[in-house]
Amino acid sequence: MAFELPDLPYAHDALADLGMSKETLEYHHDIHHKAYVDNGNKAIAGTEWEGKSVEEIIKGTYDASAVAQNGIFNNASQFWNHNQFWEMMAPGESKMPGELEKALTEAFGSVDKFKEDFAAAGAGQFGSGWAWLVKDTDGSLKVTKTENGVNPLCFGQTALLGCDVWEHSYYIDFRNKRPAYLSNFLDKLVNWENVASRM
């Protein structure tokens with residue numbers, strides 16, 4: 001399966017009033033995400049992974065014992081991560097469905113405590129990486145963080161919500177204020193209906 005850059009599910013300027021500028025999306029989607037597509041296609045060409053699904057490639061090339069992952073994994077995982085990321089945000093106000101609110105309250109004590117834990121995970125990720133809300137293999141909801149392009153697929157988990165904390169995701173709009181970016185993401189950008197649909 002060749003990687004293909006998906007269109008954004010909204011216009012480049014659709015999130016500007018919510019804290020993610022047109023310039024950020026032009027750099028992040030049109031340049032960074034496209035690079036994972038182009039480099040991923042080059043990396044898998046002529047290998048056993050050519051023709052496999054991106055999920056198969058991620059699970060098959062992840063090395064839990066490695067400090068740094070290989071190029072095929074890095075590009076495939078970041079391609080997948082960003083495909084999810086765009087869908088996890090939406091322009092306009094997104095109401096949290098009742099079943100998601102109930103599940104978050106049961107797992108974390110309150111929606112506010114979930115947001116606090118998620119923001120802390122993202123802010124506490126040293127260097128580049130992601131913060132996640134996942135459904136674990138036992139069905140429980142957990143907040144996790146991963147380095148670089150590593151994602152919940154590597155651990156058999158279902159990604160419900162992910163936030164990119166690589167600098168290219170926030171530096172244009174928030175400079176070095178990653179905690180402010182995370183708070184803004186949770187309060188203004190998340191498509192909660194999409195999160196609920198992943199449960």
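Nothing here was measured: the structure is a model prediction, and the numbers come from that model.
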### Query
Do I172 and W166 share a hydrophobic cluster, counting only Ile, Leu, Val, Met, Phe, Trp and Tyr and linking them when any side-chain heavy atoms are less than 4.5 Å apart?
no

I want to check something: taking the side chain as every heavy atom from C-beta on, are [X] and [Y] in contact at a cut-off of under 4.5 Å?
X	Y	result
P6	H33	yes
N75	D38	no
M199	L100	yes
L141	D136	no
N191	M89	no
N81	D164	no
E26	I31	no
F185	Y170	no

Between [X] and [Y], a side-chain donor and acceptor under 3.5 Å:
X	Y	value
R178	Q125	no
W130	Q84	no
T61	W49	no
N148	S128	no
N151	S77	no

How close do [X] and [Y] get, counting heavy atoms only, and between which atoms?
X	Y	answer
G156	T137	O-CG2, 3.4 Å
V134	P152	CG1-CG, 3.5 Å
L160	R198	O-CD, 3.2 Å
A121	V143	CB-CG1, 3.6 Å
L133	F118	N-CE1, 3.6 Å
Y36	F79	CB-N, 4.0 Å

### Salt bridge K52-E50, side-chain N to carboxylate O under 4.0 Å
no

### Query
Charged N to carboxylate O below 4.0 Å: is that the case for D117 and K113?
yes

Would you find a donor on one side and an acceptor on the other, under 3.5 Å apart, between the side chain of [X] and the backbone of [Y]?
X	Y	answer
N176	Y171	no
N70	F73	yes
N41	F3	yes
N184	A180	no
K145	G129	no
D173	T24	no
S94	W192	yes

Around atom [atom1] of [X], are there more than 12 heavy atoms of other residues, nucleotides or ligands at under 6.0 Å?
X	atom1	result
Y10	OH	yes
E4	CD	no
D63	CG	yes

### Task
Show the numbers, then the answer: is there a side-chain contact (heavy atoms from CB on, under 4.5 Å) between F126 and E147?
CA-CA 8 Å; F126 180 75; E147 72 280 0; over 6 Å; no

### Query
When you look at H32 and Y27, which way does the ring-ring contact (aromatic ring centres under 6.0 Å, His included) test go after all the steps?
CA-CA 6 Å; H32 287 281; Y27 274 96; 7.3 Å; no

Starting at [atom1] of [X], measure out to [atom2] of [Y] and round the result to the nearest 0.5 Å.
X	Y	atom1	atom2	result
L8	D30	CG	CG	6.5 Å
C163	F85	SG	CZ	5.0 Å
F174	S169	CZ	OG	9.5 Å
I44	I57	CD1	CD1	4.5 Å

#### Entry: Parallel, tilted or perpendicular: rings of H28 and H82 (30°, 60°)
perpendicular

Kindly write out the residues that satisfy salt bridge (charged side-chain N to carboxylate O under 4.0 Å, His left out) with [X], not counting sequence neighbours, or none if the list is empty.
X	value
E106	K102
D187	K115
K59	none

### Task
Begin from the C-alpha positions of S140 and D138 and carry the test side-chain hydrogen bond (donor to acceptor under 3.5 Å, both in side chains) through to its verdict.
CA-CA 6 Å; S140 64; D138 62 2; 2.6 Å; yes

### Query
Under the side-chain hydrogen bond (donor to acceptor under 3.5 Å, both in side chains) criterion, do D7 and H29 qualify, and how do the steps go?
CA-CA 9 Å; D7 291 333; H29 173 270; 5.8 Å; no

